[in-house]
Protein chains: 2
Amino acid sequence: MPIDQQQTIPSVWTRPRGRREQPALSREQIVAEAVQLLDSEGIDALSMRKLGTRLGAGATSLYRHVANKDELIELVVDEVYGELDEPDTDKPAHWRDATTLRAHNLRAMILKHPWIASVLGEVGVAYLGPNLMRLSDRMIATFEAAGFPLDESDHAVRTVFAYVTGMTTSEAAWLTMLARSGQTEQDWVERLWPAAEEAAQSYPRLQKGYADKRGKDPRTSRDENFVYGLERILDGLEVRLSKTA
Amino acid sequence: MPIDQQQTIPSVWTRPRGRREQPALSREQIVAEAVQLLDSEGIDALSMRKLGTRLGAGATSLYRHVANKDELIELVVDEVYGELDEPDTDKPAHWRDATTLRAHNLRAMILKHPWIASVLGEVGVAYLGPNLMRLSDRMIATFEAAGFPLDESDHAVRTVFAYVTGMTTSEAAWLTMLARSGQTEQDWVERLWPAAEEAAQSYPRLQKGYADKRGKDPRTSRDENFVYGLERILDGLEVRLSKTA
DNA sequence: TTCTTCTGAGTACAGTGTTCGCATGGCTTG
DNA sequence: CAAGCCATGCGAACACTGTACTCAGAAGAA
């Protein structure tokens, strides 16, 4: 019999079977599963216990790989920043096109993971996350190549970032609320209509704004709003660039 | 003896003494106290129980005036928007000055109540809060008076709003984290320095950016960054205005 | 072999938001 | 003035939460 494990334990039945055949827990695995859980069930559903059982592990086992929940969230945020793929070609695209592309990518990423909206305010800009650092570096490089000095490039990157996250966070919060109520965007606008009209009664400008938006598809309306602001910012940067050059 | 209350209860000792002399609980009172609690102890310290005891009431009593915690937070957010005082004179200031002033006011308000950063992502723009509606209306009016059509005015307001909230949310998160660690901003930068340098090793631009910021006062650095972005946005809007006019 | 070092997990604790039912008193009716 | 309704406060309870502590067992080193 080749099997001669140490038999120090009274009964075979009580002794747990050999180590878990699952390759074990890893930080990467935990973070990936957390993203999946967040995507499918939202921020409120993320608990250490639930995440643990999803991984076939106890809740407290996760703490071997992650200091606490806040740290897990930092990791998760940087993880999704990692989804933003950079154009790997170094052919110098015009700074404006490159920035526009990246802004749209960032927005799309946030809308794909709308739970980020809830945590960005606690994590801020995930300070030292490698993926975010890489992105920042590339964006600064773009502005420098366009002729901005280094410190201004940094400012410019932060400006675009602040705008995109600010605008999209608000969108994401809106969409999350919709998802929770199970309504479509169109439905909700119509339901909200009387209440909004009531509330806006003393503000004719808002009222008219609502009325104008009534017929339009809310999604394209959001899109237009986003590009409007982005274009203005890029215009402003362009003015600055032409004046310093 | 003028006192002849109904004596249906066996023992005087067991019967609770007359009603609470405190004028009772009101929604306004609850919201005000919540703001105070949030300001002094931060977002994590806001629990219904703690808020209740602060008001000399049981935790569950609050639910008579507020549907749930989320609703309380919506109220609290609109409450602090109400702190933004509008210039009540209707003398038409230049749109740019007026917007600059409001942007700085909004930033100051958020930095005064940094816990907002944590909830803005869940509340989004507190959709129908009266104070926020008033502010929006006034800002739209400013842009309309400057010559923007209504729908563009709406876009413009949202753009400025997104920028300010995006940028300031990030600042607030940073300051909150500092406060939790009990360090000053200067301290932290110096402590973080080796880690940041380590992390930024492969990104010379970031490294140089850190180095440049090393000597400067972080606070003025943040201020400068904020006004830089704001100026660019206003420049962009100005370009747009001159082209349509 | 023996010893150390690492990993998973069970238990427990102090808290959380919220529901339910009950008691109480003030206000509105008769 | 009396009776009843109803808004309000509140204690108990429930289903969860994050996480500290402790211990069992396996893997690797000596």
Side-chain angles (χ1 to χ4, degrees), chain A residues 3-30 33-34 37 41-74 76 118-119 122 180, chain B residues 2-30 33-34 37 41-74 76 118-119 122:
Chain A
I3 305 169
D4 66 339
Q5 308 168 332
Q6 33 182 346
Q7 300 281 351
T8 65
I9 299 195
S11 162
V12 218
W13 310 109
T14 67
R15 198 185 31 164
R17 286 175 298 106
R19 190 177 253 277
R20 157 157 283 97
E21 58 279 358
Q22 210 162 342
L25 239 36
S26 76
R27 173 180 280 194
E28 290 74 22
Q29 207 185 350
I30 291 173
E33 189 71 34
L37 175 56
E41 304 194 36
I43 186 73
D44 293 333
L46 178 67
S47 78
M48 300 303 270
R49 278 176 241 260
K50 194 180 278 191
L51 182 57
T53 53
R54 273 214 177 200
L55 288 160
T60 59
S61 306
L62 308 176
Y63 285 87
R64 293 285 166 195
H65 304 89
V66 154
N68 51 29
K69 195 180 180 184
D70 287 346
E71 185 179 300
L72 172 64
I73 285 179
E74 281 188 62
V76 158
S118 315
V119 297
E122 311 200 42
R180 261 201 273 260
Chain B
I3 304 168
D4 67 341
Q5 307 169 334
Q6 31 182 345
Q7 300 280 352
T8 65
I9 299 193
S11 163
V12 218
W13 309 110
T14 65
R15 199 184 28 162
R17 288 175 298 105
R19 190 177 254 278
R20 155 159 284 96
E21 58 278 358
Q22 209 162 343
L25 238 37
S26 77
R27 174 181 280 194
E28 290 74 24
Q29 207 184 350
I30 292 173
E33 188 73 35
L37 175 55
E41 303 194 37
I43 187 72
D44 292 335
L46 178 66
S47 78
M48 300 303 270
R49 278 176 241 261
K50 194 179 279 191
L51 181 57
T53 54
R54 274 217 177 198
L55 288 159
T60 61
S61 307
L62 307 177
Y63 285 87
R64 294 285 168 197
H65 304 90
V66 154
N68 50 30
K69 196 181 179 183
D70 287 346
E71 186 179 299
L72 172 64
I73 286 180
E74 280 188 63
V76 157
S118 314
V119 297
E122 311 200 43

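Each chain gets a letter, A, B and so on, in the order its sequence line appears, and its residues count up from 1. Below, all heavy atoms of this structure are taken into account, side chains as well, without hydrogens, waters or symmetry copies.
- When the side-chain nitrogen and oxygen atoms of A:Ser47 are compared with OP1 and OP2 of D:dT17, one or more of them lie within a distance under 4.0 Å.
- A sub-4.0 Å separation between OP1 or OP2 of D:dG9 and a side-chain N or O of B:His65 is present.
- As rounded to whole Å, 8 Å separates atom P of C:dA9 from atom CG of A:Leu25.
- Taking all atoms of both residues into account, the shortest heavy-atom contact from A:Gly52 to A:Leu62 is N-CD1, 3.9 Å.
- Of the candidate nucleotides D:dT19, D:dA12, C:dA9, D:dA12 has the atom nearest to the side chain of B:Thr60.
- Distance B:Arg64 CZ to C:dT24 P: 16 Å, rounded to the nearest Å.
- Using a 4.0 Å heavy-atom distance criterion, A:Leu62 is classed as making no nucleic acid contact.
- The nearest whole Å value for the distance from the CD1 atom in B:Ile43 to the P atom in C:dT16 is 13 Å.
- In this structure, A:Asp70 places its CG atom 16 Å from P of D:dT17, rounding to the nearest Å.
- In this structure, B:Leu51 atom CG and C:dT18 atom P are separated by 12 Å, rounded to whole Å.
- Under 4.0 angstrom from either OP1 or OP2 of C:dT7 there lies no side-chain N or O belonging to A:Ser61.
- By the 4.0 Å N-to-carboxylate-O rule, A:Arg180 lies close enough to A:Asp44 to be salt-bridged with it.
- Closest approach of B:Lys50 to B:Glu41, counting heavy atoms only: NZ-OE1, 3.5 Å.
- A:Glu71 places its CD atom 14 Å from the C1' atom of D:dT19, with the value rounded to the nearest Å.
- For the pair B:Met48 CE and D:dA13 C1', the interatomic distance rounds to 17 Å; values are reported in whole Å.
- At a threshold of 4.0 angstrom between heavy atoms, the contacts of A:Leu46 are confined to the sugar-phosphate backbone, with no base atom among them.
- For the residue pair A:Ile30 and A:His65, the shortest heavy atom distance occurs at CD1-CB, 3.8 Å.
- The separation between A:Tyr63 atom OH and D:dA20 atom P is 7 Å, rounded to whole Å.
- Donor-acceptor pairing under 3.5 Å, judged by distance alone, is absent between the side chain of B:Arg49 and the base of C:dG15.
- The shortest non-hydrogen separation linking B:Ala34 to B:Leu72 is CB-CD1, 4.4 Å.
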